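It should be emphasised that the depicted structure is a prediction, and the values quoted were computed from it without experimental measurement.
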Amino acid sequence: MEDQKPEDFKRELGLLDGTMLVVGSMIGSGIFIVSSDMVRQLGSAGWLIAMWVLTGVITVIAAVSYGELSAMFPKAGGQYVYIKEAYGKLVGFLYGWSFFAVIQTGTIAAVGVAFAKFAAYLYAPLSDKNILYQIGDFKLNAAQIVSIITIILLSYINSRGVKNSKILQTVLTVIKILSLAGLIIFGFMAAKAEVWDANWTNAWASQSMDVATGSWMPISGTTLISAISAALVGSLFSSVAWEGVTFIAGEIKNPKRNVGLSLFLGTLIVSVIYILANVMYLAVVPLQGIATAESDRVAVVASQVIFGSIGTLIIAVMIMISTFACNNGLIMAGARVYYTMAQDGVFFKKAAELNKASVPAWSIWAQCIWASALCLTGKYGDLLDFVVIIVLIFYILTILGIFILRKKMPDAERPYKAFGYPFLPGLYIVIASAICLALLYTKTSTSGWGVLIMLIGIPIYYLTKAKE
């Protein structure tokens, strides 16, 4: 090699940076969009808030459970390392494969598509309705081009070193938290008693909306279960990616303490913000208005009520900042997983190299190319179904890994132990498994594809192993 490449990551990130990465990676586009579909599925204020509270509770339980693992294995690669230690190389590879093929790249694509959705609000020609090229069934639209350009730009910034992306992440995340807090506070100040009262009358009467006619039908039994699982896709998707901080543990100061703490603080802050934002939506927008928001942009509808016409521009810019910061965090964290896998010999060798700026640039660009390809495949909603089920499967496996590793490595140093063990981690496994089964049953086409791509990893693992 002509130029000497650094072998190790630099520990440049503190507790604030870690917490900002968790918050920044979690708050992307979901909170501004998904409540619209959730109301169409369940049709009531009580159910909407219940879904967000349930999501918040299980997310915080999962995050504090991860604290034990992050303190045991305080190095780059995070969740991949925990799964490999608990189940061995094959399942570790399956996670890394799914992470590259679906989880991280699919999330980056969905967030990029959401960025374009709001850019189009400021400048209409950027919308997905503007078809630039068509061949057979495939249509290339302006929104896809916008989302791909942002992914390439952020990949470039990240390839230049962790310092630039760290500063960008913290600044954009602070702007994001302050603007969301502002929206919530002004929203409560603009709350209308009649809207609030109307939304909370029959708060638990579940009903779903027929999109074609705009009429509501009461639902119960299995229909209610499928509506709950469909609604949970939105709130769960809005609450994933918090584990990103575990991937960059190799760059965090005092990781045994700071990784677990930033997981807890980050997920708690975001869950509280999400619940308050939804209570605020219910205080200013009638249920029908939430369900029928154009392009599901419920935050735009709320800000129109709160700030008048200028409000919609404010919110569109704010959400573009939010999704941009979210993708910066995802791109930064994702590349570290491929790096660790490559070092273990289960990913392309090139991914194990760091460039002059001590970052895994090859991994960043490989991730960029595949995420850009996924931008061309589907709509926002399809990408969510695709990602959520795989994310949940691996959250379940990772938390089950705590039980396995306590048996497998009883004497390992555990500076921090999972809170509420074994009850809370066990509760998470039960709830998340029920959601996965409901998703497979109700959204077989999209969720099924996600699972299929994950399983394709098994023959790939054995084929690549044979070559060694």
A.B. asks: Is the closest side-chain heavy-atom distance between Leu180 and Met318 below 4.5 Å?
C.D. replies: yes
A.B. asks: Do the side chains of Leu21 and Thr173 get nearer than 4.5 Å, heavy atoms only?
C.D. replies: no
A.B. asks: Rounded to the nearest 0.5 Å, what separation is found between the CG atom of Leu439 and the CD1 atom of Ile390?
C.D. replies: 10.5 Å
A.B. asks: Please answer whether the main-chain N or O of Ile167 pairs with a side-chain N or O of Thr170 as donor and acceptor at a distance below 3.5 Å.
C.D. replies: no
A.B. asks: Would you say that more than 12 heavy atoms from the other residues, nucleotides or ligands in this model lie under 6.0 Å from the CH2 of Trp196, or not?
C.D. replies: yes
A.B. asks: For the backbone of Asp197 and the side chain of Thr201, can you confirm whether one donor and one acceptor N or O come within less than 3.5 Å of each other?
C.D. replies: yes
A.B. asks: Can a donor-acceptor pair be found, under 3.5 Å and without considering hydrogens, that links the side chain of Gln367 to the backbone of Ile331?
C.D. replies: yes
A.B. asks: Would you say Gln207's side chain and Gly43's backbone share a donor-acceptor pair under 3.5 angstrom?
C.D. replies: yes
A.B. asks: Side-chain polar contacts of residues 223-245 - donor-acceptor pairs under 3.5 angstrom, sequence neighbours left out - could you list them?
C.D. replies:
| residue | atom | partner | partner atom | Å |
| --- | --- | --- | --- | --- |
| Ser226 | OG | Thr223 | O | 3.1 |
| Ser229 | OG | Ile225 | O | 3.3 |
| Ser229 | OG | Ser226 | O | 3.0 |
| Ser229 | OG | Thr442 | OG1 | 3.4 |
| Ser235 | OG | Thr55 | OG1 | 2.8 |
| Ser235 | OG | Leu232 | O | 3.4 |
| Ser238 | OG | Gly234 | O | 2.8 |
| Ser239 | OG | Ser235 | O | 2.9 |
| Trp242 | NE1 | Ser239 | O | 3.3 |
| Trp242 | NE1 | Tyr395 | OH | 3.4 |
| Glu243 | OE1 | Ala241 | N | 3.4 |
| Glu243 | OE1 | Tyr395 | OH | 2.6 |

A.B. asks: Report the distance from atom OH of Tyr82 to atom OG of Ser70, rounding to the nearest 0.5 Å.
C.D. replies: 4.5 Å
A.B. asks: Can you measure from CD1 (Ile310) to CD (Gln304) and round to the nearest 0.5 angstrom?
C.D. replies: 12.0 Å
A.B. asks: Does Gln104 use its side chain to pair, donor to acceptor, with the backbone of Leu330 at less than 3.5 Å?
C.D. replies: yes
A.B. asks: Decide yes or no on side-chain contact (heavy atoms from CB on, under 4.5 Å) for Ile402 and Tyr421, but give the supporting numbers first.
C.D. replies: CA-CA 9 Å; Ile402 298 169; Tyr421 179 90; 3.9 Å; yes
A.B. asks: For atom CD of Glu194, decide whether the heavy atoms of other residues, nucleotides or ligands shown that lie under 6.0 angstrom number more than 12.
C.D. replies: yes
A.B. asks: Considering all heavy atoms of both residues, which atom of Ile27 and which atom of Cys326 are nearest to each other, and what is their separation?
C.D. replies: O-CB, 3.7 Å
A.B. asks: Sub-3.5 Å donor-acceptor pair from the side chain of Arg336 to the main-chain atoms of Val359, do we have one?
C.D. replies: no
A.B. asks: Enter the distance from Asn258:CG to Thr19:OG1 here, rounded to the nearest 0.5 Å.
C.D. replies: 8.0 Å
A.B. asks: Of Trp200, Trp204, Trp52, which meets ring-ring contact (aromatic ring centres under 6.0 Å, His included) against Trp47?
C.D. replies: Trp204
A.B. asks: Between Tyr95 and Phe394 (judged by ring centroids, cut-off 6.0 Å), do the two rings come close enough to count as a pair?
C.D. replies: yes
A.B. asks: Hey, does Ile149 have a side-chain heavy atom less than 4.5 Å from the side chain of Val146?
C.D. replies: no
A.B. asks: Do Phe307 and Phe186 make the cut of ring centroids closer than 6.0 angstrom?
C.D. replies: yes
A.B. asks: Can you name the closest pair of heavy atoms from Leu374 and Thr105 and give their distance?
C.D. replies: CD1-OG1, 3.6 Å
A.B. asks: Can you tell me if Asn130 uses its side chain to pair, donor with acceptor, with the backbone of Pro125 under 3.5 Å?
C.D. replies: yes
A.B. asks: Quick one: are Val270 and Tyr274 in side-chain contact, heavy atoms under 4.5 Å?
C.D. replies: yes
A.B. asks: Just verifying a value: how many Å separate Asp296 CG and Met38 CE, rounded to the nearest 0.5 Å?
C.D. replies: 12.0 Å
A.B. asks: With heavy-atom distances below 4.5 Å as the criterion, would you say the side chains of Tyr428 and Ser65 are in contact?
C.D. replies: no
A.B. asks: Counting heavy atoms not belonging to Phe188, are there more than 12 under 6.0 Å from its CZ?
C.D. replies: yes
A.B. asks: If you measure only the distance, is there a donor-acceptor pair under 3.5 Å linking the side chains of Gln79 and Thr398?
C.D. replies: yes
A.B. asks: Has Asn158 got a side-chain atom pairing as donor or acceptor with Leu154's backbone, closer than 3.5 angstrom?
C.D. replies: yes
A.B. asks: Assess whether side-chain contact (heavy atoms from CB on, under 4.5 Å) is satisfied between Thr312 and Arg297, documenting all intermediate values.
C.D. replies: CA-CA 10 Å; Thr312 54; Arg297 293 184 286 227; over 6 Å; no
A.B. asks: Minimum heavy-atom separation for Leu263 to Gly67, with atom names?
C.D. replies: CD1-N, 4.3 Å
A.B. asks: Atom CD1 of Ile148 and atom SG of Cys375: how far apart are they, to the nearest 0.5 Å?
C.D. replies: 5.0 Å
A.B. asks: Of all the heavy-atom pairs spanning Ala316 and Leu122, show the shortest one and how long it is.
C.D. replies: CB-CD2, 3.9 Å
A.B. asks: Quick one: side-chain hydrogen bond (donor to acceptor under 3.5 Å, both in side chains) partners of Asn327, sequence neighbours excluded?
C.D. replies: none
A.B. asks: When you look at Leu42 and Met51, which way does the side-chain contact (heavy atoms from CB on, under 4.5 Å) test go after all the steps?
C.D. replies: CA-CA 10 Å; Leu42 289 166; Met51 294 301 106; 3.7 Å; yes
A.B. asks: So, the side chain of Asn199 versus the backbone of Leu282: is there a donor-acceptor pair under 3.5 Å, distance only?
C.D. replies: yes
A.B. asks: Quick check: are there more than 12 heavy atoms from other residues, nucleotides or ligands sitting under 6.0 Å from CZ of Phe419?
C.D. replies: no
A.B. asks: Provide the closest heavy-atom pair for Arg40 versus Trp216 in the form atom of the first, atom of the second, distance.
C.D. replies: O-CZ3, 4.2 Å
A.B. asks: Can you find a heavy atom in the side chain of Thr340 that is under 4.5 Å from one in the side chain of Lys75?
C.D. replies: no
A.B. asks: Picking from Tyr80, Tyr338, Tyr339, what satisfies ring-ring contact (aromatic ring centres under 6.0 Å, His included) with Phe100?
C.D. replies: Tyr338
A.B. asks: Check the side chains of Asp385 and Ser447 for a donor-acceptor pair under 3.5 angstrom, ignoring hydrogens and angles.
C.D. replies: no
A.B. asks: Are any non-hydrogen side-chain atoms of Tyr123 and Leu126 less than 4.5 angstrom apart?
C.D. replies: yes
A.B. asks: Go through it in stages, so that I can follow the logic: the residues are Thr267 and Met26, the test is side-chain contact (heavy atoms from CB on, under 4.5 Å), and I'd like the CA-CA distance, side-chain angles, deciding distance and then a yes or no.
C.D. replies: CA-CA 8 Å; Thr267 51; Met26 283 178 77; 3.9 Å; yes
A.B. asks: In this structure, are over 12 heavy atoms from other groups packed under 6.0 Å from Arg414 atom CZ?
C.D. replies: yes
A.B. asks: Which atom pair, heavy atoms only, marks the closest approach of Lys139 to Gln144?
C.D. replies: O-OE1, 3.4 Å
A.B. asks: Are Phe118 and Thr323 packed together at the side-chain level, in the sense that at least one heavy-atom pair is separated by less than 4.5 angstrom?
C.D. replies: no
A.B. asks: Keeping Ser206 on the side-chain end and Ile219 on the backbone end, is there a donor-acceptor pair under 3.5 Å?
C.D. replies: yes
